[in-house]
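Numbers here are sequence positions counted from 1.
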Amino acid sequence: MRTTGGWLKRTTALLLVSLADLNVETLRLAGELDLAFDHRRIVSDGIEHVRVKLEHSVLATAFCGPTFTITDLQDVYETVWGMPLDPRNFYRKIKKTDGFIVPAGSARKAATGRPARLFRAGPREVLYPPVIRPVDSPNGEKPAQ
């Protein structure tokens with residue numbers, strides 16, 4: 001990076017926070033911060049790196065507690081990707097990837113309806129098939145998932 005004082009070595013670190021601290025507004029604002037030099041680009045690149053990493057790795061489970069519901073996991077993807085996902089399609093994609101998540105053996109009692117099944121991170125580190133992020137359609141319609 002070129003600064004007024006000469007060339008400096010640039011180091012970028014990716015900081016992961018809990019889902020409680022992570023939200024769409026934080027991610028949106030992080031890319032619009034008024035930062036010196038090319039630092040805004042560095043932050044934007046870091047956010048995009050996390051978005052891509054969610055597609056091919058089990059990183060999303062790190063944002064959840066030791067046990068979580070499919071909805072908790074979907075919330076991570078929706079927050080980081082900044083778009084809503086169809087719950088049925090999301091569940092189908094997650095279950096299709098063997099070893100991504102495994103049943104935790106109990107259920108979380110809901111205020112209404114059936115208790116939600118609990119899962120924990122599975123043994124897999126790389127997702128195959130990957131959980132691909134939907135692409136925004138050019139005409140503004142909801143993307144097919």
Side-chain angles (χ1 to χ4, degrees), residues 1-3 7-110 113-145:
M1 169 179 69
R2 178 83 173 133
T3 67
W7 289 96
L8 296 176
K9 184 177 178 182
R10 172 175 70 192
T11 304
T12 307
L14 180 60
L15 176 65
L16 298 177
V17 296
S18 71
L19 184 58
D21 298 328
L22 183 69
N23 59 54
V24 175
E25 188 66 11
T26 303
L27 291 173
R28 187 184 66 75
L29 290 176
E32 298 175 5
L33 295 173
D34 186 23
L35 300 171
F37 311 107
D38 62 345
H39 297 168
R40 180 175 28 189
R41 174 67 187 259
I42 294 168
V43 170
S44 294
D45 288 349
I47 292 169
E48 183 58 26
H49 178 74
V50 171
R51 289 176 174 156
V52 170
K53 195 103 166 122
L54 284 185
E55 295 180 4
H56 302 280
S57 75
V58 296
L59 177 63
T61 60
F63 288 97
C64 300
T67 60
F68 50 86
T69 65
I70 294 291
T71 301
D72 295 336
L73 190 61
Q74 182 173 336
D75 287 345
V76 171
Y77 280 93
E78 289 179 345
T79 299
V80 175
W81 286 347
M83 63 179 62
L85 302 172
D86 180 86
R88 294 171 304 248
N89 288 339
F90 181 78
Y91 180 76
R92 180 180 45 81
K93 287 179 182 181
I94 295 303
K95 293 301 286 180
K96 185 168 54 173
T97 307
D98 289 333
F100 178 21
I101 60 172
V102 293
S106 58
R108 183 182 298 162
K109 184 69 176 154
R114 180 172 65 180
R117 288 187 293 179
L118 291 176
F119 296 88
R120 60 180 173 77
R124 206 175 258 271
E125 293 182 16
V126 176
L127 299 182
Y128 186 81
V131 180
I132 301 297
R133 173 177 24 164
V135 179
D136 291 326
S137 63
N139 60 4
E141 293 178 5
K142 186 176 179 182
Q145 301 170 14

**Report entry** Pairwise salt bridge (charged side-chain N to carboxylate O under 4.0 Å, His left out) hits with a residue in residues 113-124, at least two apart
**Finding:** none
Could you tell me the separation between the [atom1] atom of [X] and the [atom2] atom of [Y], rounded to the nearest 0.5 Å?
X: Y91; Y: T71; atom1: OH; atom2: OG1; answer: 11.0 Å
X: L73; Y: F68; atom1: CG; atom2: CZ; answer: 5.5 Å
X: L118; Y: I101; atom1: CG; atom2: CD1; answer: 10.5 Å
X: I94; Y: N89; atom1: CD1; atom2: CG; answer: 11.5 Å
X: H56; Y: I132; atom1: NE2; atom2: CD1; answer: 5.0 Å

Report summary line: Heavy-atom closest pair (T67 atom, A104 atom, distance to 0.1 Å) is CG2-CB, 3.8 Å
Query raised in the report: Any chance CD of E48 has more than 12 other-residue heavy atoms, nucleotides or ligands included, within less than 6.0 Å?
Result: yes
Report task. Could I get the full list of side chain to side chain contact (heavy atoms under 4.5 Å, CB included) partners for P123, not counting sequence neighbours? Result -> V102
Query raised in the report: Tell me, do D75 and F63 make a side-chain contact under 4.5 Å, heavy atoms counted?
Result: no
Query raised in the report: Do the side chains of L59 and V76 get nearer than 4.5 Å, heavy atoms only?
Result: no
Query - Qualifying residues under side-chain hydrogen bond (donor to acceptor under 3.5 Å, both in side chains), relative to E55, sequence neighbours excluded - result: R133
Query raised in the report: Excluding sequence neighbours, so at least two apart, what forms side-chain hydrogen bond (donor to acceptor under 3.5 Å, both in side chains) with S57?
Result: none
**Report entry** F119: ring pair (Phe, Tyr, Trp, His ring centres under 6.0 Å) partners, not counting sequence neighbours
**Finding:** none
Report summary line: Here the side chain to side chain donor-acceptor pair (under 3.5 Å) pairs for residues 94-104, sequence neighbours left out, are none
